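All of these numbers come straight from a predicted model, not from anything done at the bench. First the proteins, then the strands, lettered A, B, ... as listed; each starts at 1.
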Amino acid sequence: MLLRDTIHTARKALSTNKNRSALTMLGVIIGVGSVVLMTSVGASMEGLILGQISSIGAKSMIIFPGQQEGSQGTVTAGFDSLTFEDVDALSRLKTVTSIGPGMFVDIATAIYGREETEPRVIGTVPNYFKNRDMPAALGRTLDDRDILGAKHVAVIGSEIASDLFQFENPVGKRIKLGDLTYTVVGVLEPIGTQFFQNADEFVFIPLSTARSVTGQKYLNMVSLQSVGDFDLAESDVKSLLRQRHGIVNPKDDSDKDDFIVRTSKQANDILGSVSLGLTAFITTIAAISLIVGGIGIMNIMLVAVTERTREIGLRKAVGARKADIMLQFLIEAILLTVIAGIIGVILGIAISGLTAAIVNKFLDTYDFAVSVPAIFLALIMAVVTGIVFGIYPARQASKLSPMTALRYE
Amino acid sequence: MPSKKAPLIETIDLCKSYFNEELETPVLFDINLTIQEGEFLSIMGPSGSGKSTLMHILGFLDNPTSGKFLFRGDRTKSLNDDELARIRATRVSFVFQAFNLLPRTSVLDNVMLPLLYHPTIPASERVERAMHAIATVGLTERATYFTNQLSGGQQQRVAIARALVTEPDIIFADEPTGNLDSTSGIQVMDALQQLHDDMGRTIVLVTHEEATARHAERIIHLKDGRIASDSKKFKRVRSNGKGKLK
Ligand SMILES: Nc1ncnc2c1ncn2[C@@H]1O[C@H](COP(=O)(O)OP(=O)(O)O)[C@@H](O)[C@H]1O
Ligand SMILES: [Mg+2]
């Protein structure tokens, strides 16, 4: 029998038994669909995390007060361990440059005319914008004169700008941050979330101004850049701070420090382990659902063999060889899984697209992404499932003797 | 050794037993039977006498337990599964009491079924050959119907068309009218008769009805797995007595 005829025959048998075919496919559809969905969510998450991390340049590091168990462990935020004196000391180090300290200012509202919004106010210096790659879209960022004069000026994030000013140009306008009035000197380009905070909701004022408004003597972050070798710069920073804070930590245990140094390298490690965990998780789900789907297929194909014993007998009586019957049932199983696989892929993509659309409403850096290799892998797995779990019933069918099969009631 | 003169089918001391869990059920004993090309033969006998069993062996659906079975003078004992399948695909055909058509499948597809497994008939000729066979049994109008939309008599004629489509050397019909009313039965027998008379097909008909058996030129009776009588031998004796008859 020609392969073309076998495929045709298998296809006919499937369409003659639509209900059974549909039921059989369900397991594989769910299996393949969830693989595609999970990998798509994985790819989107990776993109999300990558977006957060790329906010630290390759030469940049950021120091936070606080403590961390292990290099990727839980973080306990500190408050007052990072001081202005630390910053002065850091600026004397030869291996780092562009020191950009920052301080959170507890101001709940930003008001312009009748518009009001909730900003996240940070007092900082010009270096910060350079280190974090935050250029101005309108006007300018902070400059040295702002700092020296402790001026009441503000650089606002793009969302703050659109909340307060809609289509007006904010530059030169005066806004109220808490009780005080500031002149807007610039609007930043849209940034999106960084370190899982919406950077477009930031309002930056000069660090000197923030210090006099709050009276705060410590800093909430210090960004800086390495000069020359990055690892050397990192260890210089750490030992300087340990020395100044009286910490003995020769083994570089992060939980002994009272500060945390974030680098893009660490961030990449985190990304790596996150995606590794995600991959393992997805692979497990994929394997389980495909096995379940496969057993479903085997079961229903076995039922089909019994149900169609007379048909098999007849085919043999009119000249079908063992191989013809075997191939017919095998191709039926493979066709089922391939069709189910394709439906699964389409459903998976549709659902992940929907998920992305919904999540994107809350997290605008979560973008729809599909993993093309995962789709092919899922399809190949589906075919393999069809073959593996189709072989046994197909063999059973082919072994029937025409006589026994024809007498079967 | 096989020559043109060799009979289509010849059995020598053919025996058949069924084995169910070591338990032997002997069904056929020392069957010596010769069938020439072009014959129309009836096998008669009470239910359980072994008619179907004999027919299945002669039609390569089953193997004898002992004895010789020659097809066109060739011993068939040594044939493997695939060779048997090939003979079933090309040389022999069946019409069963229970029709055995594929349900929810068109008449045309049912009749084309054996052609799918035929090693030499090209795919391009299938429809034409099937339509020709369908025309032979007078069902051209019904070619696109599903078989379950047809009457019993029509279904059995579809089965005859299916048996015919590969132009086999021999057609076996096992109680083809057993499930039919008398009118349909007559139509089916007319169709078989026509295959023999007009197309010269060799037909082996299994039946337990006298009236049906009378369509055949030769009748053998089976009783308890043995040939109890064979009208050919009887005729020969008579024709010898009366000189040449025909
Ligand atoms: N597969 C089988 N296993 C055991 N016994 C069988 C089998 N098939 C038929 N028989 C027995 O063989 C005998 C002849 O059966 P069968 O050839 O069908 O008779 P008939 O067609 O003349 O009615 C019966 O006694 C039947 O029970
Ligand atoms: Mg019988």
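A:D5 CG to B:L115 CG: the interatomic distance, rounded to the nearest 0.5 Å, is 10.0 Å. To the nearest 0.5 Å, the span separating OG1 on A:T404 from CG on B:D62 amounts to 7.5 Å. With values rounded to the nearest 0.5 angstrom, B:L102 atom CG is found 5.5 Å from A:R315 atom CZ.
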* Asked: Checking side chain to side chain contact (heavy atoms under 4.5 Å, CB included) for the pair A:D324/B:L116: CA distance, chi angles, key distance, verdict?
  -> CA-CA 10 Å; A:D324 295 326; B:L116 296 183; over 6 Å; no

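Contact of B:A163 with chain A is not made at all, since no heavy-atom distance falls under 4.5 Å. Only the side chain of A:R4 comes within less than 4.5 Å of a heavy atom of chain B; its backbone N, CA, C and O stay farther away. Heavy atoms of A:T16 lying under 4.5 Å from chain B belong to its backbone as well as its side chain.
Around atom OH of A:Y392, no more than 12 heavy atoms belonging to other residues, nucleotides or ligands sit under 6.0 Å away.
Within residues 16-29 of chain B, the residues that have a heavy atom under 4.5 Å from a heavy atom of chain A are B:Y18, listed by number. Applying a 4.5 Å heavy-atom cutoff, the residues of residues 80-100 of chain B that approach chain A are B:D81, B:D82, B:A85, B:R88, B:A89, B:F94, B:F96, B:A98, B:N100.
Comparing B:L101, B:D109, B:T105 by heavy-atom pairs within less than 4.5 Å of chain A, the highest count is held by B:D109.
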